[in-house]
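For reference, the structure is listed below as structure tokens.
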Amino acid sequence: MPPGRNPTADELAAAHGRSIPDVIAPNLRVLFCGINPGLWSGATGRHFARPGNRFWPALYASGFTPRLIEPAAQRELTALGLGITNVVARTTARADELTKEEYRAGGLALTAKVRRYRPAWLAVLGIGAYRTGFGRPKAVVGRQSETIDDTGIWVLPNPSGLNAHWTAAALAEAFTDLRAAAYPRPGTAE
């Protein structure tokens, strides 16, 4: 779909159940992991594509990117050492359409993907997805004590506009905390 054109109602309906390609490469600094693609993402083939999703602004506000990147330019991320995947690949209108079994299977598939691509950090965007997908019912937002081999795990809030109790400023701050861990200043222990 060309940048700037919104999907039609028919295109959104047809996107249900699709998957979209990961933005991934070996040895990334951070692999961001959404819950699953929404219909807008499924229709456009772009991660976090729905207008109002705060992923791209939070990425920029936290200093991960030098400018605000649009979803159509998502492939630029790998040159910055960043990537995007999902816990569950199946596109849905809402995350509550996913089953616990899909989350658990997605957690296993994500673990295998992390072992294959070896990012320094896996950042799961959604506490519920992390708790269910990884069997960590008491996990909280932030750095996790467990790792996947040498990959650290960080849980960030879901950037969807529906997650309104996380303001844009608080979301950017949570992303900034991860950025500080992913890119420690020389002379600091990390």
Contacts of D22 meeting side chain to side chain contact (heavy atoms under 4.5 Å, CB included) (sequence neighbours excluded), chain-then-number -> I24, T85, K113
For P157, side chain to side chain contact (heavy atoms under 4.5 Å, CB included) partners two or more places apart: V141, N163, W166, L171, A174
Please identify each residue that fulfils side-chain hydrogen bond (donor to acceptor under 3.5 Å, both in side chains) with [X], with sequence neighbours left out.
| X | result |
| --- | --- |
| E97 | H16 |
| E70 | none |
| S62 | none |

Residues sharing V140's hydrophobic cluster, by side-chain heavy-atom contacts under 4.5 Å among ILVMFWY, directly or via others? none
Apart from I20 itself, residues in the same hydrophobic cluster as defined by side-chain heavy atoms under 4.5 Å: none
Run the side-chain donor-acceptor check on residues 100-109: report pairs under 3.5 Å with partners two or more places apart or on a different chain.
from	atom 1	to	atom 2	distance (Å)
E102	OE1	R90	NH2	3.0
E102	OE1	T99	N	2.9
E102	OE2	R90	NE	2.7
E102	OE2	R90	NH2	3.3

Which residues satisfy the ring-ring contact (aromatic ring centres under 6.0 Å, His included) test with [X], sequence neighbours excluded?
| X | result |
| --- | --- |
| W154 | W121 |
| Y117 | none |
| F32 | F55, F64, F175 |
| Y130 | F134 |

Taking R46's backbone N and O only, do any of them form a donor-acceptor pair with S41's side chain (distance below 3.5 Å, no angle check)? yes
